[in-house]
2 protein chains.
Amino acid sequence: MPDPLSNLPGYALRRAANAMMADLTERLAPIGLRIIDASLILLVAGRRDRTSSDIGRMLDIQRANMVPLLNRLEASGLIARVPLDKKKMAIVLTPAGDAMLAQVRAITNQFEEDLIARIPEPHRPHFMPALHALWSAPAE
Amino acid sequence: MPDPLSNLPGYALRRAANAMMADLTERLAPIGLRIIDASLILLVAGRRDRTSSDIGRMLDIQRANMVPLLNRLEASGLIARVPLDKKKMAIVLTPAGDAMLAQVRAITNQFEEDLIARIPEPHRPHFMPALHALWSAPAE
DNA sequence: CCTTAATGCTATTGACCATAGCAATTCATA
DNA sequence: TATGAATTGCTATGGTCAATAGCATTAAGG
């Protein structure tokens with residue numbers, strides 16, 4: 001690689017993440033979901049107490065931007081909004097959502113397995129710790 | 001982290017990349033550049049033969065989307081379009097662009113150094129090889 | 001009780017990426 | 001060398017995604 005960017009860790013990180021996202025996007029397309037949809041489904045699986053704000057905080061999505069996302073999943077019949085009190089709404093999976101969850105799990109499990117398999121064996125055990133170090137200590 | 005996503009390599013990769021990008025974006029803000037601007041400047045530094053299409057291919061940006069990017073950098077006085085023949089235009093740094101290049105290099109060098117420093121020492125040598133493996137073999 | 005914070009939402013904006021199409025030029029090869 | 005194919009730089013457009021400001025309602029805490 002003769003270009004001056006390939007050797008920069010930041011650049012390589014960005015490219016690796018992009019390649020990974022493109023791959024996962026393709027794998028989720030057959031079941032009509034985007035990455036963000038699948039993430040949300042995995043996050044509310046088996047729970048009836050996660051609010052829109054909760055999910056937004058976990059996925060780093062502003063409350064305002066949760067609305068169209070939830071609207072779409074609700075229109076697809078995958079989730080439902082269930083009042084927890086007069087203000088909070090729990091996001092729960094519908095039966096169709098539960099069925100979809102199984103497919104999401106199958107796809108993501110295979111995906112993560114393939115992802116790890118691409119990393120040469122000696123580097124493999126160091127991958128997650130390194131990522132978590134970057135993620136947890138983003139700014140100083 | 002009690003959430004079911006943190007342990008997924010793909011998710012961790014995405015989050016680490018996002019944190020990295022946010023950090024770099026902040027560091028470049030004082031000199032009025034975005035990440036994509038800085039990447040382009042580093043890519044054309046010291047050359048007078050890189051065309052818009054070349055750069056687009058290297059950065060994975062469609063030709064059509066190069067136009068507003070180049071227009072902005074040209075309006076800022078950092079780059080110029082120099083005809084190579086009746087069709088091709090070389091993207092070159094102006095004197096102001098060269099001055100900016102020095103600042104870009106200072107910022108990105110420090111940034112990459114800090115990035116690596118965040119990774120615990122034992123994992124460090126494995127980081128770039130792992131990323132390149134993911135980047136170079138995105139789909140199979 | 002009453003101020004403060006949180007929730008879910010509307011509306012808007014901008015960055016970014018993808019696609020289709022076009023005129024002009026270069027190229028490849030027959 | 002002539003001609004069809006590919007390339008270049010561009011316009012125009014639409015879609016996704018994130019960020020901001022603002023609002024009415026409700027919950028929590030001093």
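So you know, we letter chains A, B, ... as the sequences are listed, proteins then strands, and number each from 1. All heavy atoms count here, side chains included; hydrogens, waters and symmetry mates do not.
Side chain to side chain, A:Asp114 and A:Gln110 meet the donor-acceptor criterion of an N or O pair below 3.5 Å.
Take B:Arg14 and apply the salt bridge (charged side-chain N to carboxylate O under 4.0 Å, His left out) test, not counting sequence neighbours, and it matches no residue. A search for side-chain hydrogen bond (donor to acceptor under 3.5 Å, both in side chains) contacts involving B:Arg105 returns nothing, not counting sequence neighbours. Every residue meeting the side-chain hydrogen bond (donor to acceptor under 3.5 Å, both in side chains) condition with B:His126, not counting sequence neighbours, appears here in chain and number order: A:His123, A:His126. Residues passing the salt bridge (charged side-chain N to carboxylate O under 4.0 Å, His left out) test with B:Arg81 are B:Glu74, sequence neighbours excluded. With sequence neighbours left out, B:Arg34 forms a salt bridge (charged side-chain N to carboxylate O under 4.0 Å, His left out) with no residue at all. Legend: residues meeting salt bridge (charged side-chain N to carboxylate O under 4.0 Å, His left out) with A:Arg63, ordered by chain and number and at least two apart, are absent.
Here the closest heavy-atom approach between residue A:Ala45 and residue A:Leu93 is recorded as CA-CD1, 4.0 Å. The shortest heavy-atom contact between B:His132 and A:Ser6 is NE2-O, 3.1 Å.
Salt-bridge annotation for B:Asp85 and B:Lys87: absent, with no side-chain N of the basic residue lying under 4.0 Å from a carboxylate O of the acidic one. Ion pair B:Arg27/B:Asp23 flagged as a salt bridge, since at least one NZ, NE, NH1 or NH2 atom sits closer than 4.0 Å to an Asp/Glu carboxylate oxygen.
Considering only heavy atoms from C-beta on, B:Val44 comes within 4.5 Å of B:Ile55 through its side chain.
Direction change of the helix axis from one end of the helix from C:dC1-D:dG30 to C:dA30-D:dT1 to the other is 40°, with five pairs defining each end axis (rounded to 10°).
When each of A:Ile36 and A:Asp85 is assigned the nucleotide of DNA chain D bearing its nearest heavy atom, the one mapping closer to the 5' terminus is A:Ile36. When the nearest nucleotides of DNA chain D are assigned to B:Lys88 and A:Lys87 by heavy-atom distance, the more 5′-ward of the two goes with B:Lys88.
With rounding to whole Å, A:Ile91 atom CD1 is found 12 Å from C:dT7 atom C1'. In this entry the distance linking NZ of B:Lys86 with C1' of C:dA24 reads 11 Å, nearest Å. Between B:Ile35 atom CD1 and C:dC17 atom P there is a gap of 11 Å when expressed in whole angstrom units.
Contact annotation: A:Arg81 reaches the phosphate of C:dC9 (side-chain N/O to OP1 or OP2, under 4.0 Å).
Applying the under-4.5 Å side-chain rule to Ile, Leu, Val, Met, Phe, Trp and Tyr, the cluster around A:Val92 extends to A:Val82.
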Please enumerate all protein N or O atoms sitting under 3.5 Å from an N or O of nucleotides 13-15 of chain C, with distances to 0.1 Å.
from	atom 1	to	atom 2	distance (Å)
C:dA15	OP1	B:Arg34	NH2	3.1

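Taking every nucleotide of DNA chain D with any atom under 4.0 Å from a non-hydrogen atom of chain A, the first and last of them, 5' to 3', are D:dT16 to D:dA27.
Residues from residues 62-74 of chain B placing a heavy atom under 4.0 Å of any atom in DNA chain C, listed by number, are B:Gln62, B:Ala64, B:Asn65. Annotation: proximity of residues 39-47 of chain B to DNA chain C (heavy atom, distance under 4.0 Å) is found for no residue.
For B:Gln62 (side chain) and B:Gly56 (main-chain N/O), no donor-acceptor pair under 3.5 Å exists by modelled atom type.
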